[in-house]
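Everything below concerns the one structure shown next.
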Protein chains: 2
Amino acid sequence: MGSSRRRGPELEQAILRAAVEELTESGYAGLTMDGVAARAGTNKNAIYRRWPSRATLALAAYRELIGADRDPPDTGTLRGDVMELLRGANNHLAAPAVSGIVLGLLAAAADDPDLMAQLRDSIIDAGSGLWLTVLGRAVTRGEIPEKALKPRVATVAIALLRNEYVTRGTSSVPDAVLTEIIDDVYLPLLRSPR
Amino acid sequence: MGSSRRRGPELEQAILRAAVEELTESGYAGLTMDGVAARAGTNKNAIYRRWPSRATLALAAYRELIGADRDPPDTGTLRGDVMELLRGANNHLAAPAVSGIVLGLLAAAADDPDLMAQLRDSIIDAGSGLWLTVLGRAVTRGEIPEKALKPRVATVAIALLRNEYVTRGTSSVPDAVLTEIIDDVYLPLLRSPR
DNA sequence: GCTCTTAAGGTACTCCACGTACCCTATATC
DNA sequence: GATATAGGGTACGTGGAGTACCTTAAGAGC
């Protein structure tokens, strides 16, 4: 009658899965160690043996949640590719409560430089490579000048989307805002001669 | 022997001052009701009679902290004005720990639409009028086309600065980044014909 | 199969901070 | 002066982070 006590990686995955569920259901503020332990069918000891604090567990769960990154789109036109990328990012941020989770993590990591660094490296910068490949193709097609490949310029669209989530705090930015970002800001900027 | 019990506005100001001090010294996470009460020389009752929760008190304290808004600069050139505005915003956000405070407030307001609305109205949008007046003058001088007056376009610079604080999490963005934002993104965008 | 080390389970605890309840006391107003 | 109002003091209840300690199962070596 399998009492079957889980150990090692198996238990670790169970904890992470439980943490992901708590996170998506209740956000960062609602993720509690007791809650995760109960949901995973274990106790807090097993968690603290692996992650030193609630914040680090939440970060690990968030990385689990966002999962693998996707391939860069290739619609043939710059505008199409950019729209794809921005829609993808929007869908991701809109998900259950991802923007709230990220805000909570950012606030929690504010006074922990180590945690903040991990958060930046593995989350904020995620996908910046996608933008550069898409823009690179547009450069070879001659759609935009080469100077558009500067990181500061290339990341403007995603920065504006992120800003929208931070300041409006809504779930899911409407498509009209995305096209506004693209047509009123991003594309004019990329095409500007200098 | 003047026991002299404070009442009404006098006490209210004392509480707010104490909250501002706690906020600047320890950030949002470090602002505790007991701490504020002790520092103000009063007790929690007096606070809860005025603000229903820690988050609302912190928001009020933050508004007190940022104080009155300034006049729009008028250096004669668009670039000069924009640089002034961005430097001002940077100095403000860099202050003791303002970006951390704002992050904490945002995270706390994430599941309270009312609070989020107040936060937006009185903090995030603060100073957007400044940008529009500065751009308006540049339009009448003929430096940029009139279409630059769209809010989405006008607020790009400050949005990018905010993004810098959110993603880098540092205190004080270096001046080089400000000029990069202005010369590589904002001015080219404003001057782009369409 | 037996022993021994390691890790999980269980539980209870400390600490801290939010928010509330009650009762006492000073202050302003009528 | 009487009385309503608001501040002071204090003690709770609640909930969650993190810790301590002991018991018990799982696997490794022999």
Side-chain angles (χ1 to χ4, degrees), chain A residues 1-19 21-23 25-61 101 104-105 107-112 114-115, chain B residues 1-19 21-23 25-61 101 104-105 107-112 114-115:
Chain A
M1 209 50 160
S3 56
S4 169
R5 183 182 279 186
R6 295 163 302 180
R7 291 173 81 85
E10 186 189 358
L11 181 57
E12 185 154 333
Q13 281 308 308
I15 295 173
L16 266 184
R17 248 179 290 125
E21 289 173 26
E22 292 261 312
L23 207 51
E25 286 176 20
S26 324
Y28 177 73
L31 179 144
T32 72
M33 300 304 257
D34 294 279
V36 172
R39 193 187 285 255
T42 181
N43 59 0
K44 287 194 289 183
N45 286 338
I47 304 178
Y48 279 105
R49 227 172 266 129
R50 295 173 166 78
W51 295 275
S53 72
R54 168 167 166 266
T56 51
L57 170 63
L59 174 55
I101 293 172
L105 281 172
D111 50 354
D112 182 335
D114 194 49
L115 202 62
Chain B
M1 206 54 166
S3 53
S4 169
R5 183 181 279 185
R6 294 163 302 181
R7 289 175 83 84
E10 186 188 358
L11 180 57
E12 186 155 333
Q13 281 307 307
I15 295 173
L16 266 184
R17 248 179 290 124
E21 289 173 26
E22 292 261 312
L23 206 52
E25 286 176 19
S26 324
Y28 177 73
L31 179 143
T32 73
M33 301 305 255
D34 295 279
V36 172
R39 193 186 285 254
T42 181
N43 60 0
K44 287 193 287 182
N45 286 337
I47 304 179
Y48 278 104
R49 227 171 265 129
R50 294 173 166 79
W51 295 276
S53 73
R54 168 166 166 266
T56 52
L57 170 64
L59 174 55
I101 293 171
L105 281 172
D111 50 354
D112 183 336
D114 193 51
L115 202 63

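Note that the coordinates shown come from a computational prediction; the quantities given were computed from them, not determined experimentally. Note on naming: letters A, B, ... go to the chains in the order of the sequence lines (proteins, then strands), and numbering restarts at 1 for each one. Heavy atoms only: backbone and side chains are in, while hydrogens, waters and symmetry mates are out.
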* **B/K44 side-chain proximity, nearest of D/dT19, C/dC18, D/dG7** => C/dC18
* Would you say B/R5 reaches D/dG7's phosphate, i.e. side-chain N/O to OP1/OP2 under 4.0 Å? -> no
* Using a 4.0 Å heavy-atom cut-off across all strands, classify A/G30 as base, sugar-phosphate, or nothing. => nothing
* Asked: Roughly how many Å is it from CG in A/D34 to P in C/dC13, rounded to a whole number?
  -> 15 Å
* Asked: Does any N or O donor sit under 3.5 Å from an N or O acceptor when you compare the side chain of B/R49 with the base of D/dA6?
  -> no
* Where the side chain of A/L11 is defined as all heavy atoms beyond and including C-beta, which of C/dG9, D/dA17, D/dG7 is the nearest nucleotide? -> C/dG9
* Structure fact -> Rounded to whole Å, CH2 of B/W51 lies from P of D/dA6 at a distance of 15 Å
* Asked: Of all the choices, C/dT25, C/dT11, D/dA17, which nucleotide is nearest to the side chain of A/N43 once you look at every atom?
  -> C/dT11
* Using a heavy-atom cut-off of under 4.0 Å over every strand shown, decide if A/L31 touches base, sugar-phosphate, or nothing. => sugar-phosphate
* Asked: Between CG of A/L57 and CD1 of A/I47, what distance do you get to the nearest 0.5 Å?
  -> 6.0 Å
* Pick base, sugar-phosphate or nothing for B/L57, based on heavy-atom distances below 4.0 Å to the nucleic acid. => nothing
* **Distance in Å, A/L105 CG paired with A/L23 CG, rounded so as to fall on 0.5 Å steps** => 7.0 Å
* Please state how far atom CZ in A/R54 lies from atom P in D/dG16, giving the value in whole angstrom units. => 10 Å
* Structure fact -> B/I47 CD1 to C/dA17 P, in whole Å, measures 14 Å
* Asked: What is the distance from OH of A/Y48 to C1' of D/dC21, rounded to the nearest Å?
  -> 17 Å
* Asked: Roughly how far, to the nearest 0.5 Å, is the CD atom of A/E22 from the CD atom of A/E25?
  -> 7.0 Å
* Candidate nucleotides C/dC18, D/dG18, D/dG8, ranked by approach to the side chain of B/A46 - the nearest -> D/dG8
* CG on B/L59 to CG on B/L115, rounded to 0.5 Å -> 5.5 Å
* C/dA8 phosphate, OP1 or OP2, under 4.0 Å from A/R50 side-chain N/O -> yes
* Report the residue (B/G8 or A/M33) whose heavy-atom-nearest nucleotide on DNA chain D is the more 5′ of the two. => B/G8
* Should A/V36 and A/R54 count as side-chain neighbours, where that means a heavy-atom distance under 4.5 Å? -> no
* **Integer-rounded Å distance: C/dA28 C1' and B/E10 CD** => 14 Å
